[in-house]
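Below: the structure, in structure tokens.
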Number of protein chains: 2
Amino acid sequence: MLAIGTLSRKTGTKVQTIRYYEQIGLMNEAGRTSGGQRRYYVKDLDRLAFIRHSRQLGFSLDSIRELLDLSDNPSQSCAEADSIARRQLRQVEQRIKRLQALKKELKRMVAECDGESVAECKVLEVLRDHSECLTNHDEIGA
Amino acid sequence: MLAIGTLSRKTGTKVQTIRYYEQIGLMNEAGRTSGGQRRYYVKDLDRLAFIRHSRQLGFSLDSIRELLDLSDNPSQSCAEADSIARRQLRQVEQRIKRLQALKKELKRMVAECDGESVAECKVLEVLRDHSECLTNHDEIGA
DNA sequence: TTGATAAGCTACAGTGACTTTAGATAAAGG
DNA sequence: CCTTTATCTAAAGTCACTGTAGCTTATCAA
């Protein structure tokens, strides 16, 4: 039987985060000692590792819930898991695209700044006037 | 005098977001009509446009606060604004790096999936076992 | 057995940057 | 005057946690 701190150390997850996962139903309710402390089996550790690894790859908790459901029913088709992963890939690719446009714009901004007074600051000027931009970068947080 | 909806349309900002910016002190408190509705000047519109454009470039509201302060005091050196922009650029570059590592891993995952049953699903297998990964991708949300 | 220390517990508030909802009031046009 | 559209406040919800306060339990050496 493993204590919560052991799971924490083995997966690099904060203790509070593990309790949070239990609270939102991503982890099963753990058994308790007579004193009320949580105790885990190795299968719980595996499940937590799966969750954390998926998070590291950028999957949302909702996607992870789906993936765990699939993982728990080994007779189903793999197509669903595949499509979740592909969706995640598309999202990542879009974010990269957008960030690369931002990078370009920011680079231009700081390159044209010559350390003069704020009155002629290129950085502030660009921020004031979108029309000086090369790209549209219209959506925030996409 | 401009109504809040006009600012909303002209800057592509939701009405609630404008009120939120007022609430956290990023926008000045607007004047009111006798009936209690907010009315704005063109300078308020400009300020909002500055905020939104900065957000589109990924600056945090805290950074934007600093940039607005600088913009309001045109006699200062531009160095501060420059350093904020450079910091932002570094952040963007780091995020791109991390996302490119994720992209690589996700691509490999879906490429190796052949639509078999969940039991042999490569996607789930990789999620289960981090050691199958090429990269470390250790930090979440970096 | 005692006592110290580490680890764990609950419950709730805070983060960032908004978005959503509910229910009410104001303004504008015909 | 009436209807429609716009606006108002206040509070809760989002995502995925993190942090805090104030306790209680477990473990190990002396």
Side-chain angles (χ1 to χ4, degrees), chain A residues 1-27 29-40 44 48 50-68 88 91 95 98 138-142, chain B residues 1-27 29-40 44 48 50-68 88 91 95 98 102 137-142:
Chain A
M1 303 293 283
L2 311 166
I4 198 169
T6 310
L7 265 73
S8 169
R9 246 171 292 113
K10 294 215 180 202
T11 63
T13 314
K14 302 219 164 168
V15 166
Q16 296 104 304
T17 304
I18 301 173
R19 290 198 281 247
Y20 168 72
Y21 287 157
E22 179 182 307
Q23 192 186 308
I24 63 170
L26 210 54
M27 292 287 285
E29 284 196 27
R32 303 286 184 127
T33 64
S34 58
Q37 297 196 358
R38 289 172 180 80
R39 286 299 122 96
Y40 296 92
D44 299 312
L48 180 57
F50 184 104
I51 294 170
R52 294 309 280 179
H53 193 201
S54 305
R55 286 292 295 133
Q56 284 166 357
L57 286 165
F59 289 93
S60 72
L61 293 185
D62 269 358
S63 294
I64 294 171
R65 218 183 282 270
E66 291 183 68
L67 291 166
L68 282 167
Q88 177 63 19
Q91 270 180 28
R95 259 181 245 161
R98 173 167 153 70
D138 275 336
E139 324 132 64
I140 290 177
Chain B
M1 304 295 284
L2 311 165
I4 198 168
T6 311
L7 264 74
S8 168
R9 247 171 291 113
K10 293 215 181 201
T11 63
T13 314
K14 301 216 165 169
V15 165
Q16 296 102 306
T17 305
I18 301 173
R19 290 198 282 249
Y20 167 72
Y21 287 158
E22 179 182 307
Q23 192 185 308
I24 63 169
L26 210 54
M27 291 288 284
E29 285 197 26
R32 302 286 183 128
T33 64
S34 58
Q37 298 196 357
R38 290 171 180 81
R39 286 299 122 93
Y40 296 92
D44 298 313
L48 181 58
F50 184 105
I51 294 170
R52 293 310 281 180
H53 192 203
S54 304
R55 285 293 296 131
Q56 284 167 355
L57 286 165
F59 289 93
S60 71
L61 292 186
D62 270 358
S63 293
I64 294 171
R65 219 183 282 272
E66 292 182 67
L67 290 166
L68 282 168
Q88 178 62 20
Q91 270 182 29
R95 258 180 247 161
R98 173 166 153 69
L102 293 196
H137 52 75
D138 275 335
E139 324 133 62
I140 290 175

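Quick caveat: nothing in here was measured; it's all calculated off a predicted structure. Below, chain A is the first sequence line, B the second, and so on; all start at residue 1.
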Tell me, please, which residues at least two apart from [X] pass side chain to side chain donor-acceptor pair (under 3.5 Å).
X       : answer
A:Thr13 : A:Thr11, A:Arg52
A:Thr33 : none
A:Gln16 : none
B:Arg19 : none

With [X] via side-chain contact (heavy atoms from CB on, under 4.5 Å) - residues at least two apart:
X       : result
B:Tyr20 : B:Ile24, B:Leu61
A:Ser63 : A:Phe59, A:Ser60, A:Ile84, A:Arg87
B:Thr6  : B:Leu2, B:Ala3, B:Arg9, B:Lys10

Rounded interatomic separation in angstrom, taking [atom1] from [X] and [atom2] from [N]:
X       : N      : atom1 : atom2 : result
B:Tyr40 : D:dC8  : OH    : C1'   : 12 Å
B:Ile24 : C:dT19 : CD1   : C1'   : 14 Å
A:Gln23 : C:dA13 : CD    : C1'   : 13 Å
A:Gln16 : D:dT20 : CD    : P     : 10 Å
A:Glu22 : D:dC17 : CD    : C1'   : 16 Å
B:Arg19 : C:dT21 : CZ    : P     : 15 Å
A:Ile51 : D:dC15 : CD1   : C1'   : 16 Å
B:Met1  : C:dA26 : CE    : C1'   : 16 Å

Could you tell me whether a side-chain N or O of B:Ser8 sits under 3.5 Å from a main-chain N or O of B:Ile4, the two making a donor and an acceptor? no
May I ask you to evaluate whether [X] reaches the phosphate of [N], defined as a side-chain N or O under 4.0 Å from OP1 or OP2?
X       : N      : answer
A:Lys14 : D:dG19 : yes
B:Arg38 : D:dT7  : no
B:Tyr21 : C:dC18 : yes
B:Arg55 : C:dC18 : yes

Protein-to-nucleotide contact annotation, 5' to 3' order, nucleotides 1-6 of chain C [B base; S sugar-phosphate only; - none; under 4.0 Å, heavy atom]: ------
Look at all strands and tell whether [X] reaches a base, only sugar-phosphate, or nothing, counting heavy atoms closer than 4.0 Å.
X       : answer
B:Arg52 : sugar-phosphate
B:Arg9  : nothing
A:Phe59 : nothing

For DNA chain D, whose closest nucleotide is more 5', that of B:Arg32 or that of A:Tyr20? B:Arg32
Output the single nucleotide from C:dT19, D:dC8, D:dC17 whose closest atom is nearest the side chain of A:Leu61. D:dC17
Looking at CE of A:Met1 and CD of A:Gln37, how far apart are the two atoms once the value is rounded to the nearest 0.5 Å? 12.0 Å
Which distance, rounded to the nearest 0.5 Å, do you find between the CD1 of A:Ile51 and the CZ of A:Arg65?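 Taking CD1 in A:Ile51 and CZ in A:Arg65, the distance rounds to 9.0 Å.
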Distances under 3.5 Å only, N/O to N/O: pair up the protein atoms with those of nucleotides 22-26 of chain D.
unit_1 : atom_1 : unit_2  : atom_2 : d
D:dA26 : OP1    : A:Thr33 : OG1    : 2.9
D:dA26 : OP1    : A:Gly35 : N      : 3.3

